[in-house]
Q: 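Below you will find the structure I want to go over with you.
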Amino acid sequence: MRLLLISLAMLLANSAVAQKTMGDALKSMPDSLMPYLSHNNRLDCIDFSEANMKAEVRNALEGKSELLQLTNSYALFRMNDASTVEFCLLDDDNLQLVCMIQTYGTDLRESTIAFYTTSWKPLATQKYLPIAYEGLAANYDAAQKMLTLKNSGFLNRVAMEDQKEEKKVQIKLKWLNGYFKES
């Protein structure tokens, strides 16, 4: 019985150590995934944010990028006036995932979504997001673990006066049982 308790305690301790925070994940992220910001830029942003300072740095294109929000499971970067990158940590059974949402544009916005392990090995997006999201802008609500996909309206502009205008698309997806599911 004592051996069983010791084994269980070690297992729980190992799983607690394996859990990363968003700051930890960003520190180990390869530069190739966000070449706009160097490794040192990301470290500076994290340090500034943790010190409750404005987390703004000069990026590789000599513009300014800012870490707007950082929690244990979420990060939001404003890369420039027309680009944001969101990161969220998600759990899938015994695996911790990073969801990376890159959104581009000002009036007409579109997102790309990718999934990685916390060691930044790419995962199949279709496994975790089983619906088509091309042409839509994505936004993640960390508090509710909710992904919202919507069109920007400009895609549905009427070409002729007698053409009916299409409705705006908005899909809300909740992270449940290891993937985003319509709620």
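As the structure is a prediction and not an experimental result, all values here were calculated from the model.
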Q: Using every non-hydrogen atom in the two residues, find where Leu26 and Arg42 come nearest and quote the distance to one decimal.
A: O-NE, 3.1 Å

Q: Please tell me whether Tyr36 and Val85 are part of a single hydrophobic cluster in this structure, the criterion being side-chain heavy atoms less than 4.5 Å apart.
A: yes

Q: Do Leu33 and Phe87 touch side chain to side chain, with heavy atoms closer than 4.5 Å?
A: no

Q: Supply the atom-to-atom distance Thr117 OG1 to Asp92 CG, rounded to the nearest 0.5 angstrom.
A: 12.0 Å

Q: Linking I/L/V/M/F/W/Y whenever their side-chain heavy atoms sit closer than 4.5 Å, directly or via other members, would Met29 and Leu97 fall into one cluster?
A: no

Q: Grab the two heavy atoms, one from Ala75 and one from Met22, that are nearest each other, plus how far apart they are.
A: CB-CG, 3.6 Å

Q: Return yes if some donor-acceptor pair links the side-chain N/O of Asp93 with the main-chain N/O of Leu95 below 3.5 Å, else return no.
A: no

Q: What's the shortest heavy-atom distance between Leu76 and Thr84, and which atoms?
A: CD1-CB, 4.2 Å

Q: Surrounding OH of Tyr116 (heavy atoms of other residues, nucleotides or ligands, distance under 6.0 Å), is the total greater than 12?
A: yes

Q: Are Leu43 and Leu68 linked, directly or through intermediate hydrophobic residues, by side-chain heavy-atom contacts shorter than 4.5 Å (ILVMFWY only)?
A: no

Q: Distance check, rounded to the nearest 0.5 Å: Glu182 atom CD versus Leu149 atom CG?
A: 9.0 Å

Q: Does Trp175 share a hydrophobic cluster with Met100, counting links as ILVMFWY side-chain heavy atoms below 4.5 Å and allowing steps through other members?
A: no

Q: Parallel, tilted or perpendicular: which fits the ring planes of Phe180 and Phe115, with parallel below 30° and perpendicular above 60°?
A: tilted

Q: Side-chain donor-acceptor contacts of residues 140-148 below 3.5 Å, not counting sequence neighbours, with atom names and distances?
A:
| residue | atom | partner | partner atom | Å |
| --- | --- | --- | --- | --- |
| Asp141 | OD1 | Ala143 | N | 3.1 |
| Asp141 | OD1 | Gln144 | N | 3.3 |

Q: Going by salt bridge (charged side-chain N to carboxylate O under 4.0 Å, His left out), name the residues that satisfy it together with Glu86, two or more places apart in sequence or in a different chain.
A: none

Q: Same cluster for Val98 and Tyr128 if Ile/Leu/Val/Met/Phe/Trp/Tyr side chains link at under 4.5 Å?
A: no

Q: Can you give me the closest heavy-atom contact between Cys99 and Ile101, atom names plus distance?
A: SG-CG1, 3.9 Å

Q: In Å, rounded to the nearest 0.5 Å, how long is the span from CE of Met79 to CE of Met34?
A: 5.0 Å

Q: Compile the donor-acceptor pairs under 3.5 Å between side chains in residues 45-59 and protein atoms, sequence neighbours left out, one pair per line.
A:
| residue | atom | partner | partner atom | Å |
| --- | --- | --- | --- | --- |
| Arg58 | NH1 | Glu62 | O | 2.4 |
| Asn59 | OD1 | Leu61 | N | 2.9 |
| Asn59 | OD1 | Glu62 | N | 3.2 |
| Asn59 | OD1 | Gly63 | N | 2.9 |
| Asn59 | ND2 | Gly63 | O | 3.4 |
| Asn59 | ND2 | Ser65 | OG | 2.9 |

Q: Under the 4.5 Å side-chain heavy-atom rule for ILVMFWY, direct or indirect, which residues accompany Tyr104?
A: none

Q: For the atom pair OH (Tyr179) and CG (Leu129), what is the distance rounded to the nearest 0.5 Å?
A: 11.5 Å

Q: Which residues satisfy the ring pair (Phe, Tyr, Trp, His ring centres under 6.0 Å) test with Tyr133, sequence neighbours excluded?
A: none

Q: What residue pairs, at least two apart or across chains, pass salt bridge (charged side-chain N to carboxylate O under 4.0 Å, His left out) with a residue in residues 121-140?
A: none

Q: Nearest 0.5 Å please: distance from the CD atom of Gln96 over to the CG atom of Asn94.
A: 11.5 Å

Q: State, to 0.1 Å, how close Ile113 and Ala138 come at their nearest heavy-atom pair, and which atoms those are.
A: CD1-CB, 3.9 Å

Q: Atom CG in Leu90, atom OG1 in Thr118: separation rounded to 0.5 Å?
A: 11.5 Å

